[in-house]
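Both counts, for ligands and for their atoms, begin at 1 and track the order of listing.
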Amino acid sequence: EDGVTVEELAEKLGKTPAEVIKVLFMLGTMVTINSSLNDEQVELICLEYGYEAKKVNNASALNFEDMDIVDDPADLQPRPPVVTIMGHVDHGKTTLLDHIRKSRVAEGEFGGITQHIGAYQVPVNGKKITFLDTPGHEAFTAMRARGAQCTDIVIIVVAADDGVMPQTREAVDHAKAANVPIIVAVNKIDKEGADPDRIKNEVSELGLLPEDWGGDVPYCNISAKKGIGITELLETVIIVAEMAELKANPKRLALGTVVEGRLDRGRGPVATLLVQNGTLHAGDPIVVGSTFGRVRQMLNDSGRSLKDAGPATPVEITGLNDVPEAGDKFMVFPSEKEARRIGEERAKIKQEKERNTSSAMSLDDLFNQI
Ligand code: GDP
Ligand code: MG
């Protein structure tokens, strides 16, 4: 029997085994800490604690992307913001991300080498900011196209010596469509002839009225290369995040989005996940896109091994059967049996879809040949 035990379920729900045993006792079932629970019992306990395990145990769990996640407001806690940097090519996105990533190593809190896992966290005045470090907005766009909304704040980088360019407009459009707060970073102010005020004028015409002109968009003048204005930019992110009152429930089973997936020769499928709600634990049974497994190794962006990862934490995990795609959703299930059932079913549906599209294409090819 592969069911979840009383002890495992209690841990996932943030309760003591005694509490879980008591709930079942009140419902007329005697169990011990090591008892394996059946689906119905898991469902009853989860319901008791306000979790919608019911959905996990029926067909709708197959489409967990569309599940309504309802948390008890009492369980909600502030979480770090997830930030994406966008802008025209060569305006300094990579330089800015690199500068921010390196500067936190200097802060000593993270000590050591940072890994490149597609996302990272930096400490700012005792708070944290999570940066998505995916290549440009292609990934952001791809993720959004797949319904993955995992950015809370967008920083639009505009080079002071170049101004608004086609991809600047595109980035602004994406940020507006995502309905998230925007911060404008006017970059390269160290360059000779740079005129940040002219840029501000240009950018404001995209409907981004600066705060100091009575609007609600913060503008920061920076030099990503020289490290000028970055502290102010990060502090602005914290202020904007606080106004957004971002919250999540660290007690629930984790769910979130795949930032990157790849096959490592030694370690097998490796995925960078962004935990968006709940806490991900080493050992958790998990469905990721149309693959599944158990979280075997979990590393943070410094390559350090983690047992638990709360909301807005980016982690790299192994233990999946297959490589997921960026933008895939993941969700932890109460038991490995459940994760396997849902994962296998989703894989089957995906195969079916792929077969249909490929046969449709060959039909097209056929017509093309006639
Ligand atoms: P991306 O395409 O938006 O990622 O732009 P990059 O970060 O690759 O930067 C493009 C070029 O601009 C590189 O040669 C950078 O060194 C340079 N650059 C980036 N930020 C600054 C800056 O603040 N000042 C100056 N002078 N050059 C910068
Ligand atoms: Mg770049």
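- Side-chain N/O atoms of His91 and Asn187 include no donor and acceptor closer than 3.5 Å.
- Counting heavy atoms from C-beta outward, Leu208 and Lys176 have side chains that approach closer than 4.5 Å.
- One of the N, O or S atoms belonging to Thr94 lies under 2.8 Å away from the Mg ion (ligand 2).
- Near ligand 1, His88, Val89, Asp90, His91, Gly92, Lys93, Thr94, Thr95, Asn187, Lys188, Asp190, Lys191, Ser223, Ala224, Lys225 each place a heavy atom less than 4.0 angstrom from the ligand.
- Under the side chain to side chain donor-acceptor pair (under 3.5 Å) rule, Arg79 has a single partner from Asn249, Asp152, Thr313, which is Asp152.
- Under 4.0 Å is where a charged nitrogen must lie from a carboxylate oxygen, and between Asp71 and Lys251 no such pair does.
- Using a cutoff of 4.0 Å between basic side-chain nitrogens and carboxylate oxygens, Glu352 and Arg355 are scored as salt-bridged.
- Ion pairing between a basic and an acidic side chain is recognised when a charged N comes within 4.0 Å of a carboxylate O; Lys200 and Asp212 show such pairing.
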